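Since the structure comes first, as structure tokens, the remarks are kept for the end.
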2 protein chains.
Amino acid sequence: MDRDDVCEIEHVNEKAVQEVKSNMFDDQTILKIANISKILGDATRVKILFALSQKELCVCDLASLLGMSQSAISHQLRLLRNTNLVKFRREGKVVYYSLSDEHVIKLIEIGAAHAQE
Amino acid sequence: MDRDDVCEIEHVNEKAVQEVKSNMFDDQTILKIANISKILGDATRVKILFALSQKELCVCDLASLLGMSQSAISHQLRLLRNTNLVKFRREGKVVYYSLSDEHVIKLIEIGAAHAQE
DNA sequence: TGAATATTTGATTAATTGTTCATATGGACA
DNA sequence: TGTCCATATGAACAATTAATCAAATATTCA
């Protein structure tokens with residue numbers, strides 16, 4: 001699309017637009033904000049992260065806790081691993097997961113505060 | 001699926017699971033957390049919300065600022081309206097949008113802090 | 001009223017996503 | 001080695017989603 005034609009130029013508040021633009025986060029930061037939000041945009045993942053914020057748990061614990069298949073949990077954990085939100089350690093056959101990012105809990109808390117309204 | 005069969009019962013740390021479960025947010029709260037996160041899970045919407053946190057802007061301003069079609073912006077604004085994250089006022093032909101939820105900015109700020117790593 | 005302009009809306013389409021099922025991997029232990 | 005069990009992974013499928021295009025509203029102004 002042609003961004004000069006979004007509307008008649010006289011109607012754009014050019015000064016305000018430029019001012020906001022100069023304060024805007026760079027695209028990479030915006031993308032990272034969107035990406036971590038995307039992670040929290042699924043109830044299963046929110047539950048997993050909240051659970052792990054309280055206790056280190058194995059895949060099996062999480063599956064039991066959430067009443068979901070071990071495969072579904074494992075898929076979600078992979079996502080959380082790939083985005084460095086959780087870490088894990090192996091103990092025999094069992095793999096224990098725990099949080100590796102403190103921001104996530106703040107985000108969940110603010111989301112919860114937002115929910116109470 | 002059968003949640004009793006996710007794994008051998010003896011291997012679930014039942015006590016830990018129960019403890020976490022008792023502290024877990026209720027499903028409705030979890031859903032609201034996920035839903036507001038979903039909103040922030042898109043770069044266009046993050047930009048819109050961040051822009052509106054600084055200045056009241058019209059649809060046309062936002063389209064110009066983001067270099068996107070006015071229709072695309074309008075669709076996103078509808079979403080933000082429906083979730084009560086923005087409010088608007090009409091002035092003649094022009095509709096001005098502004099933020100109506102303070103939590104959103106905190107979420108974006110924490111997301112940005114997370115991005116700086 | 002009719003023309004012009006800002007915005008909204010509905011339908012469509014391509015892309016993304018979360019779960020399921022089946023199968024693979026990896027460690028423990030006989 | 002072979003079996004068991006916890007976990008991981010790949011393919012497939014349904015559902016959701018964001019942009020585009022075309023068309024509808026709403027407001028101003030001549």
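Lettering of chains follows the sequences in order, A, B, ..., and the numbering in each one begins at 1. In this text, all values refer to a predicted model and were calculated from it rather than measured experimentally.
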Length of the [atom1]-[atom2] vector between [X] and [N], whole Å:
X: B:Ile48; N: C:dT7; atom1: CD1; atom2: C1'; result: 14 Å
X: A:Gln70; N: C:dT25; atom1: CD; atom2: P; result: 16 Å
X: A:His75; N: D:dG10; atom1: NE2; atom2: P; result: 9 Å
X: B:Arg89; N: D:dT27; atom1: CZ; atom2: P; result: 15 Å
X: A:Asp61; N: D:dA6; atom1: CG; atom2: P; result: 11 Å
X: A:Asn82; N: C:dT16; atom1: CG; atom2: P; result: 16 Å
X: B:Leu77; N: C:dA6; atom1: CG; atom2: P; result: 16 Å
X: B:Leu62; N: C:dT8; atom1: CG; atom2: P; result: 10 Å

Taking 4.0 Å as the cut-off, does a side-chain nitrogen or oxygen of [X] come that near to OP1 or OP2 on [N]?
X: A:Arg45; N: C:dG18; result: yes
X: B:Arg78; N: C:dG10; result: yes
X: B:Tyr97; N: C:dA6; result: no
X: A:Arg81; N: D:dT7; result: no

DNA chain C: 5'-proximal contact among A:Arg90 and A:Thr44 (nearest heavy atom)
A:Thr44
Pick the nucleotide of DNA chain C nearest each of A:Gln76 and B:Ser74; which residue has the one closer to the 5' end?
B:Ser74
If you take all heavy atoms of A:Ala51 and B:Met24, which pair is closest and at what distance?
CB-CE, 4.2 Å
For DNA chain C, the residues among residues 34-42 of chain A that have a non-hydrogen atom under 4.0 Å from it
A:Lys38, A:Asp42
Measure from the side chain of B:Ser69, starting at C-beta and using heavy atoms only, and say which of C:dT8, D:dT20, C:dT20 lies closest.
D:dT20
Report the nucleotide, chosen from D:dT7, C:dG27, D:dA19, that has the shortest atom-to-atom distance to any side-chain atom of A:Lys93.
C:dG27
Find out whether A:Phe88 and A:Arg81 are in side-chain contact, i.e. whether some heavy atom of one side chain is under 4.5 Å from a heavy atom of the other.
yes
Is it the case that C:dT7 (base atoms only) and B:Ser71 (side chain only) share a donor and an acceptor within less than 3.5 Å, ignoring hydrogens and angles?
no
Do side-chain atoms of B:Thr29 reach the backbone of B:Phe25 as a donor and acceptor pair under 3.5 angstrom?
no
Examine distances only and state if a side-chain atom of A:Thr83 and a backbone atom of A:Leu79 form a donor-acceptor pair shorter than 3.5 Å.
yes
Taking only Lys NZ, Arg NE, NH1 and NH2, and the carboxylate oxygens of Asp or Glu, determine whether B:Arg89 and B:Glu56 approach each other closer than 4.0 Å.
yes
Determine, for A:Asp27 against B:Lys47, whether the closest basic-nitrogen to carboxylate-oxygen distance falls under 4.0 angstrom.
yes
Among A:Leu99, A:Ile108, A:Ile48, find the residue that satisfies the side-chain contact (heavy atoms from CB on, under 4.5 Å) test when tested with A:Ser53.
A:Leu99
